[in-house]
Amino acid sequence: MESFVLYTSSSSFSPSSRLSLLRRSPPSLKSPPSIFPSSASPRRLSNLRSPPSRLLPPLALFKSKPSPKPRTFLHPIQASPSPPPPPVEESPKGAKLIPFIISISIGLIVRFLVPKPVQVSMQAWQLLAIFLSTVAGLVLNPLPVGAWAFLGLTTSILTNTLSFSTAFGAFTNEVIWLIVISFFFARGFVKTGLGDRVANYFVKWLGKSTLGLSYGLTFSEILIAPAMPSTTARAGGIYLPIIKSLSLSVGSKPGDPSARKLGAYLVQSQFQSAGNSSALFLTAAAQNMLCLKLAEEVGVIVSSPWVSWFRAASVPALVSLLLSPFILYNLYPPEIKDTPDAPAMAAKRLEHMGSVTRDEWVMIGTMILAVSLWVFGEALGIASVVAAMLGLSILLLLGVLEWDDCLSEKSAWDTLAWFAVLVGMAGQLTNLGIVTWMSSCVANLLQSFSLSWPAAFGVLQASYFFIHYLFASQTGHVGALYSAFLAMHVAAGVPGVLAALTLAYNTNLFGALTHYSSGQAAVYYGAGYVDLPDVFKVGFMMALSNAVIWVVVGSFWWKFLGLY
């Protein structure tokens, strides 16, 4: 029912009309009279602008008077419409123009402007141009990685460079599916809370001092890494929340001078340790398995890959993991040396989590089974991917993971897409002779300097490592350069398995060079505890420290293992 503010009129409001209106809308006797019915909408109330004195008081309806003088009723004054909100600028859809043009131009220049070597067929040269455009797009990111890789795959088929079956052949690769399933294992660690529980136990045991706290987080990552093949997931899902909680409890805040009290050191320590923990296990990072698959395409076969990888990495990686927190403690010292409350905080979190759940026990048992089969599976005739499939099947059957969990793991399916494309193209480049031609050119150059294979090994390894300043992705770096550098090593006389493994180890270690060098770098830098100049300074100095440890310790260990 409308309010008594009626339309403009000069007619009298007769008593009979008043009584008729009163019958239709009697006033409330339990509350002060109001000119508004109880159902009036807020919008209509807000539109009313007439002062109360101009309104007809409802109690006047009860008085018997001569007909009043004609009253003038005002039109309701409508509120002026509020100005429309400013238009929201939508982010541009489709490919980013400048990165797209640069990426495409690289391929077109190679295909049509660079003279084709006589030793290389036109099909191989055309595939190289497409591959270089694809890699450039992975670095410059005109589209998401998976989408850009799919465009490269489509181009190779559309230009008749590769047949459909050849182009998609890598999607059946066992290593690729091992990586995908490992991502599902990582989701199980996060979903069940097992990763958080393990980390908190180490904080409880070793966290009375800042240095002990750092070692506790590092050791817990060593346990989690072989079953969680993503340093980014470990950083963002487990360690950064714990580090932030511990730091804030002592007044160490991000983006504040107090960051140096505790948070900055813990972030730097965990960031640097992540590279070594990823280098320790084949299944600790997705790029590790990509490296070994690309090595196979070049002709370097690593037998018993999980065991061979761990055995060669174990001593230098563990030494580096033991020394890195201590080196950083002196190089980038925290202001707070003792953290007596950290164990109590961890104990409180564990108490809040309660006893180990059924799903966590299933996760523990499944991972022990999977890792055991990765270690001993070759003797039992069980391939690594089959062991991973068995573990995933157990998690699905017992309800630890739902199929929707697997479907929603976008990083796994995205990795499947771009990984398969890179592996497929790299394999065909090897088959068509491109890699052999490139490696022979570099080998001839190195021989012109009369370098022995150990000297060539050092030059190539250092070049591969520090070129990463130009890359924003470890996997993009591997896809672009790993095969070529491995072929150069082999052509220079470096033992194949030694070259393949050390290049792969370096792929993990250079992930801590800058704030953009890896996924975990973005996570830790984004926390706001570390200033950008410190990232570069500490990254470079720790890179030199890791190089010394791996070269000195590794050279003796690898000689003992017979790798050279």
Side-chain angles (χ1 to χ4, degrees), residues 101-140 148-149 151-164 166-167 169-170 290-291 293-300 421-453 455-457 459-464 466-468 470-471 476-494 496 499-500 503:
I101 293 174
I102 295 174
S103 301
I104 293 297
S105 298
I106 289 174
L108 293 176
I109 290 171
V110 171
R111 173 63 180 83
F112 295 105
L113 298 182
V114 177
K116 180 183 72 67
V118 178
Q119 306 94 318
V120 178
S121 67
M122 180 55 69
Q123 180 189 7
W125 194 247
Q126 190 160 285
L127 181 59
L128 176 63
I130 296 172
F131 179 75
L132 292 177
S133 278
T134 303
V135 170
L138 296 182
V139 175
L140 300 175
W148 186 254
L151 289 181
L153 189 69
T154 302
T155 304
S156 67
I157 299 173
L158 190 64
T159 57
N160 293 321
T161 306
L162 297 176
S163 65
F164 183 89
T166 302
L290 173 59
C291 289
K293 183 58 188 176
L294 293 176
E296 289 183 15
E297 303 293 345
V298 179
V300 178
V421 172
L422 282 182
V423 169
M425 286 188 179
Q428 291 304 311
L429 286 173
T430 302
N431 293 339
L432 295 173
I434 285 288
V435 174
T436 302
W437 167 73
M438 292 177 63
S439 60
S440 62
C441 292
V442 175
N444 292 334
L445 178 62
L446 293 175
Q447 289 174 1
S448 67
F449 292 103
S450 301
L451 294 178
S452 61
W453 78 256
F457 174 78
V459 170
L460 291 172
Q461 290 284 335
S463 300
Y464 180 78
F466 287 108
I467 283 175
H468 193 65
L470 305 178
F471 284 85
H477 188 145
V478 171
L481 299 177
Y482 182 87
S483 296
F485 267 82
L486 179 56
M488 296 175 200
H489 277 75
V490 174
V494 181
L503 283 173

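Atoms considered below: every heavy atom in the structure, side chains included; atoms not considered: hydrogens, waters and symmetry mates.
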>> Under a 3.5 Å distance rule, please check whether Thr155 uses its side chain to pair with a backbone N or O of Leu151 as donor and acceptor.
In response: yes
> With sequence neighbours left out, what residues match Ile104 under side-chain contact (heavy atoms from CB on, under 4.5 Å)?
Replying inline: Phe100, Leu108, Trp148
>> Checking Thr154 now: which residues fulfil side-chain hydrogen bond (donor to acceptor under 3.5 Å, both in side chains) with it, not counting sequence neighbours?
In response: none
> For Val494 and Ala499, which heavy atoms make the closest approach, and how far apart are they?
Replying inline: CG1-CB, 3.9 Å
> Is a donor on one side and an acceptor on the other found under 3.5 Å between the side chain of Lys116 and the backbone of Val120?
Replying inline: yes
> Can you tell me how far CG of Leu132 sits from CE of Met425, rounded to the nearest 0.5 angstrom?
Replying inline: 10.5 Å
> What is the distance from atom CG of Leu153 to atom OG1 of Thr134, rounded to the nearest 0.5 Å?
Replying inline: 8.5 Å
> Taking all non-hydrogen atoms of both residues, which atom of Ser103 and which atom of Ser133 are closest, and how far apart?
Replying inline: O-OG, 2.8 Å
>> I'd like to check the side-chain hydrogen bond (donor to acceptor under 3.5 Å, both in side chains) partners of Gln461; sequence neighbours left out, ordered by chain and number.
In response: His489, Thr502, Asn506
>> Run the ring pair (Phe, Tyr, Trp, His ring centres under 6.0 Å) test against Phe164 and tell me which residues pass, sequence neighbours left out.
In response: Phe168
> Taking all non-hydrogen atoms of both residues, which atom of Ile106 and which atom of Ala136 are closest, and how far apart?
Replying inline: CD1-CB, 3.6 Å
>> Can you give me the closest heavy-atom contact between Val421 and Ala149, atom names plus distance?
In response: CG1-O, 3.5 Å
> Can you name the nearest heavy-atom pair linking Val490 to Gly496, along with the distance?
Replying inline: CG2-CA, 4.3 Å
Give every donor-acceptor pair under 3.5 Å between a side-chain atom in residues 122-130 and any protein atom, sequence neighbours left out.
residue	atom	partner	partner atom	Å
Gln123	NE2	Thr161	O	2.8
Trp125	NE1	Val110	O	2.8
Gln126	OE1	Arg111	NE	3.0
Gln126	OE1	Arg111	NH2	3.4
Gln126	NE2	Thr159	O	3.4
Gln126	NE2	Thr161	OG1	2.8

Report, one line per pair, each donor and acceptor closer than 3.5 Å where one atom sits in a side chain of residues 476-486; sequence neighbours left out.
residue	atom	partner	partner atom	Å
His477	ND1	His468	ND1	2.8
His477	NE2	Tyr464	O	3.3
Tyr482	OH	Ala500	O	2.8

> Which atom pair, heavy atoms only, marks the closest approach of Ala456 to Leu451?
Replying inline: N-CB, 4.3 Å
